Number of protein chains: 2
Amino acid sequence: MAAQERNTRDRLLDAFEKLLVTAGSRAATLDAVAAEAQVSKGGLLYHFHSKDQLVDGMLTRLREQGRADVEKMRTAKKGPVDFYLTTSINTGSDFDRALIAAGRIAQENDSRASDALGDLREWWFAVLLDHLQDESLARTIQLIGDGLYFDDTTGLNEKNALKHVRDVLTRLGAL
Amino acid sequence: MAAQERNTRDRLLDAFEKLLVTAGSRAATLDAVAAEAQVSKGGLLYHFHSKDQLVDGMLTRLREQGRADVEKMRTAKKGPVDFYLTTSINTGSDFDRALIAAGRIAQENDSRASDALGDLREWWFAVLLDHLQDESLARTIQLIGDGLYFDDTTGLNEKNALKHVRDVLTRLGAL
DNA sequence: TTTACTGTACCGTCTGGACGGTTTACATTC
DNA sequence: GAATGTAAACCGTCCAGACGGTACAGTAAA
């Protein structure tokens with residue numbers, strides 16, 4: 001009975017995210033989420049009364065994780081640009097998973113998810129702009145980050161992508 | 001009965017893509033596709049005996065569209081870089097829709113879709129590399145294109161994004 | 001006659017959700 | 001400190017509707 005660090009609620013959200021990321025939204029059913037979290041369906045519905053509430057719970061947690069990430073980015077040793085690009089590649093962290101999961105939900109026409117993702121993007125951009133004082137460069141770097149992120153989530157992983165980007169950004173004096 | 005340009009088979013594929021893009025894969029059911037194309041369910045299953053065959057049909061058409069797009073990119077008046085970036089933004093063309101739709105399918109762990117998208121990416125990259133003769137720059141530009149594409153499909157539309165990218169790429173001498 | 005459908009009636013499985021228990025931890029009362 | 005109460009944290013089962021797919025009878029044009 002020991003060795004179970006996270007509480008059930010978080011484990012359910014973890015399971016929901018994992019299914020969304022690895023198998024897509026069609027596979028992320030209540031039954032599947034409950035099974036993945038090793039909880040009965042009744043147990044799931046005790047914590048989240050509907051699938052909608054599951055989504056809400058996930059997005060609320062995402063915003064919290066996002067605030068922490070932005071803070072880390074702002075104070076990163078190697079600077080926010082390097083931090084942003086490095087973490088745009090899916091490292092398999094909890095935050096990465098939550099981000100990808102929210103993307104899946106956003107695609108189902110769910111404005112709650114698009115809003116959350118849009119807010120995160122604004123926070124990141126503000127840090128980039130504050131550091132670079134160059135809107136075009138900040139926007140372009142954000143797009144590169146989006147590209148890295150997109151490639152990762154679509155399984156189009158190009159191993160040396162980050163190296164090439166660093167090369168180009170060095171030419172621009174942005175790194 | 002006139003005024004119906006496309007044949008039923010294509011209209012079914014169009015409807016499938018449209019549903020995938022605007023409402024996500026959960027909404028793209030056989031019933032919904034048939035209704036969207038104004039065809040009976042029996043009619044749909046006459047052309048495509050299963051949902052799998054619908055996907056196959058879509059991906060086959062996508063590769064054809066892709067070959068045409070790469071050819072246009074190679075011979076574009078303003079050069080392949082400008083063409084690639086401009087068309088990375090969703091213009092609402094048939095090809096854009098097919099691309100986004102395939103992305104949705106790829107996320108459901110469907111390797112056929114990932115393979116098709118991977119091939120397209122390789123074709124584009126080959127043209128960029130051939131034109132620029134600079135791997136880092138070519139990769140970075142492809143990432144920017146992916147970023148533009150990603151933002152568009154996630155509803156994170158930044159209106160002036162392309163302007164900013166052009167600005168930065170001009171500094172690099174890539175445009 | 002063949003091709004290209006429409007329309008209806010099904011079937012088995014999956015899905016979101018409702019509901020009625022059960023166990024455990026802890027507080028309250030006597 | 002034994003008896004009682006109560007709320008949290010579940011489990012297991014059931015159900016209506018949706019889903020992918022089948023089957024088939026009929027129609028209308030080429």
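Keep in mind that what you see is a predicted model, and the values were worked out from it rather than measured. Reminder, nothing fancy here: chain letters follow the sequence lines and each chain counts from 1.
When the nucleotides D/dC11, C/dT15, D/dG21 are ranked by their closest atom to the side chain of B/Lys51, D/dG21 comes out on top. For B/Leu45, the side-chain atoms get nearest to D/dT22 when compared with the rest of C/dT6, D/dT22, D/dC10. When distances are taken from the side chain of A/Leu30 to each of D/dC11, D/dG21, C/dG16, the shortest belongs to C/dG16. Counting only heavy atoms from C-beta on, B/Lys41 has its side chain closest to D/dG21 among D/dC19, C/dG17, D/dG21. For B/Arg26, whose side chain is taken as the heavy atoms from C-beta onward, the closest listed nucleotide among C/dG7, C/dT15, D/dC19 is C/dT15. Side chain of A/Ser40, nearest nucleotide from C/dT15, C/dC5, D/dG12: D/dG12. Among the nucleotides C/dT6, C/dA4, D/dC10, the one closest to the side chain of B/Tyr46 is C/dA4.
Distance, A/Arg11 CZ to D/dA9 P: 13 Å, rounded to whole Å. C/dC5 atom P lies 13 Å from atom NE2 of B/His49, rounded to whole Å. Distance CG (B/Leu44) to P (D/dG21): 10 Å, rounded to an integer number of Å. The interatomic distance linking A/Phe48 (CZ) with C/dA18 (P) rounds to 16 Å, in whole Å.
Under the 3.5 Å distance criterion, the side-chain polar atoms of B/Gln38 are left unmatched by any main-chain donor or acceptor of B/Ala35. Judged purely by atom type and a 3.5 angstrom limit, B/Arg26 uses its side chain to pair as donor or acceptor with the backbone of A/Ser25.
Judged by distance alone, the side chains of B/Asp69 and B/Trp124 do bring a donor and an acceptor atom under 3.5 Å apart.
Crowding of A/Lys18 atom NZ: a count of heavy atoms from other residues, nucleotides or ligands under 6.0 Å not exceeding 12.
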